[in-house]
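Input: a single structure, listed below in structure tokens.
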Amino acid sequence: MHSLPLQTEQEAAVAILFASVLFRGQQLTQAQIEHLSRMLVLSARFQGHSLNDLTRKALSLQAEHGSKKIIEEAAPMVDEEFKETLFAMACEIMTANGKVDEEESEIIAMIAIYLGLSMETMKMILTTYMIRNRWNIQIIERG
């Protein structure tokens, strides 16, 4: 049934977070890397796990399989009590610019569906982050 080599909830969760921001095949910005790192470091759910190892595995899976397959197969590995939090983390990173385009909303909906969240919960969490991040300053990275 599952073809992805995910063994723990933490691997699955980090894979979903990276899948949420890399679904277009783009590179992570420095701001996204810092944001994801901060979220993971500050979550007790990831204590005792090597964030470098989790990140390497997530990026490898993303390159090989893409976001949709990762979300579909990793979501069932997330404990019931952590599903809403993980969805909120995905919304936080995806709405950092205060907007969600059509492709982003499809990925957000897919994450919610595969995590088994209700439409009401999905809308409430997403709306909260949209309001929270609406006035964020845009970080423009120059290469």
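Just so you know, residue 1 is the first one in the sequence shown, and it goes up from there. Just the heavy atoms: all of them, side chains too, but no hydrogens, waters or symmetry mates, feed the values below.
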Treating [X] as the side-chain partner and [Y] as the backbone partner, does any N or O pair qualify as donor plus acceptor under 3.5 Å?
X	Y	value
Thr29	Gln32	yes
Asn133	Asn97	no
Gln10	Arg45	yes
Glu106	Glu104	no
Ser20	Leu17	yes
Glu9	Asp79	yes

Exercise for the section: Heavy atoms only: give me the nearest Leu61-Pro5 pair and the separation to one decimal. Expected result: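 For Leu61 versus Pro5, the nearest heavy atoms are CD2-CD, 3.6 Å.
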Problem - Nearest atoms (heavy-atom pairs only) where Phe87 meets Ile108 - result: CE1-O, 3.3 Å
Quick check for you: to the nearest 0.5 Å, what is the distance between [X] atom [atom1] and [Y] atom [atom2]?
X	Y	atom1	atom2	value
Met122	Ser105	CE	OG	8.5 Å
Met89	Thr85	CE	OG1	8.0 Å
Leu22	Arg24	CG	CZ	11.0 Å
Thr121	Leu126	OG1	CG	12.0 Å
Leu54	Arg56	CG	CZ	9.5 Å
Met77	Thr8	CE	OG1	6.0 Å

Handout entry: Lys123 vs Ser118, side chain to side chain donor-acceptor pair (under 3.5 Å): CA-CA, chis, key distance, verdict
Key = CA-CA 9 Å; Lys123 286 180 182 177; Ser118 69; over 6 Å; no
side-chain contact (heavy atoms from CB on, under 4.5 Å) with [X]: which residues, sequence neighbours excluded?
X	value
Ala19	Gln62, Ser67, Ile70, Ile71
Glu92	His35, Met39, Tyr129
Ile33	Leu28, Gln30, Ser37

Problem - Heavy-atom side-chain proximity of Leu115 to Pro76 below 4.5 angstrom - result: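 No, every pair of side-chain atoms sits at 4.5 Å or beyond.
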Are [Y] and [X] connected in a single hydrophobic cluster, I mean Ile/Leu/Val/Met/Phe/Trp/Tyr linked by side-chain heavy atoms less than 4.5 Å apart?
X	Y	result
Phe46	Leu42	no
Val41	Leu86	yes
Val14	Leu51	yes

Practice task
In plain terms, say whether Lys83 and Glu80 are close enough for a salt bridge, that is, a side-chain N and a carboxylate O under 4.0 Å apart.
Solution key: yes
Handout entry: Residues Lys69, Glu73: salt bridge by 4.0 Å N-O rule
Key = yes
Practice task
Show your reasoning for whether side-chain contact (heavy atoms from CB on, under 4.5 Å) applies to Met94 and Val100.
Solution key: CA-CA 7 Å; Met94 291 189 73; Val100 174; 5.8 Å; no
Problem - side-chain contact (heavy atoms from CB on, under 4.5 Å) evaluation trace for Ile16 with Val78 - result: CA-CA 10 Å; Ile16 289 170; Val78 178; 4.2 Å; yes
Problem - Test side chain to side chain donor-acceptor pair (under 3.5 Å) applied to Glu102 - qualifying residues, sequence neighbours left out - result: none
Practice task
For Ser43, enumerate each residue passing the side chain to side chain donor-acceptor pair (under 3.5 Å) test, keeping only those at least two apart in sequence or located in another chain.
Solution key: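 Testing Ser43 for side chain to side chain donor-acceptor pair (under 3.5 Å), a comparison that skips the adjacent residues, returns none.
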Exercise for the section: State which residues pass salt bridge (charged side-chain N to carboxylate O under 4.0 Å, His left out) with Glu64; sequence neighbours excluded, sorted by chain then number. Expected result: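 Partners of Glu64 under the salt bridge (charged side-chain N to carboxylate O under 4.0 Å, His left out) test: none.
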Practice task
Take atom CD of Gln27 as the centre, draw a 6.0 Å sphere, and report whether it contains more than 12 heavy atoms from other residues, nucleotides or ligands.
Solution key: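 No, CD of Gln27 has 12 or fewer neighbouring heavy atoms, counting only those of other groups under 6.0 Å.
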Problem - side-chain contact (heavy atoms from CB on, under 4.5 Å) between Phe23 and Lys68, intermediate numbers included - result: CA-CA 8 Å; Phe23 69 96; Lys68 292 181 179 182; over 6 Å; no
Exercise for the section: Give the C-alpha distance, both sets of side-chain angles, the deciding distance and a yes or no for side-chain contact (heavy atoms from CB on, under 4.5 Å) between Asp53 and His49. Expected result: CA-CA 8 Å; Asp53 291 346; His49 296 271; over 6 Å; no
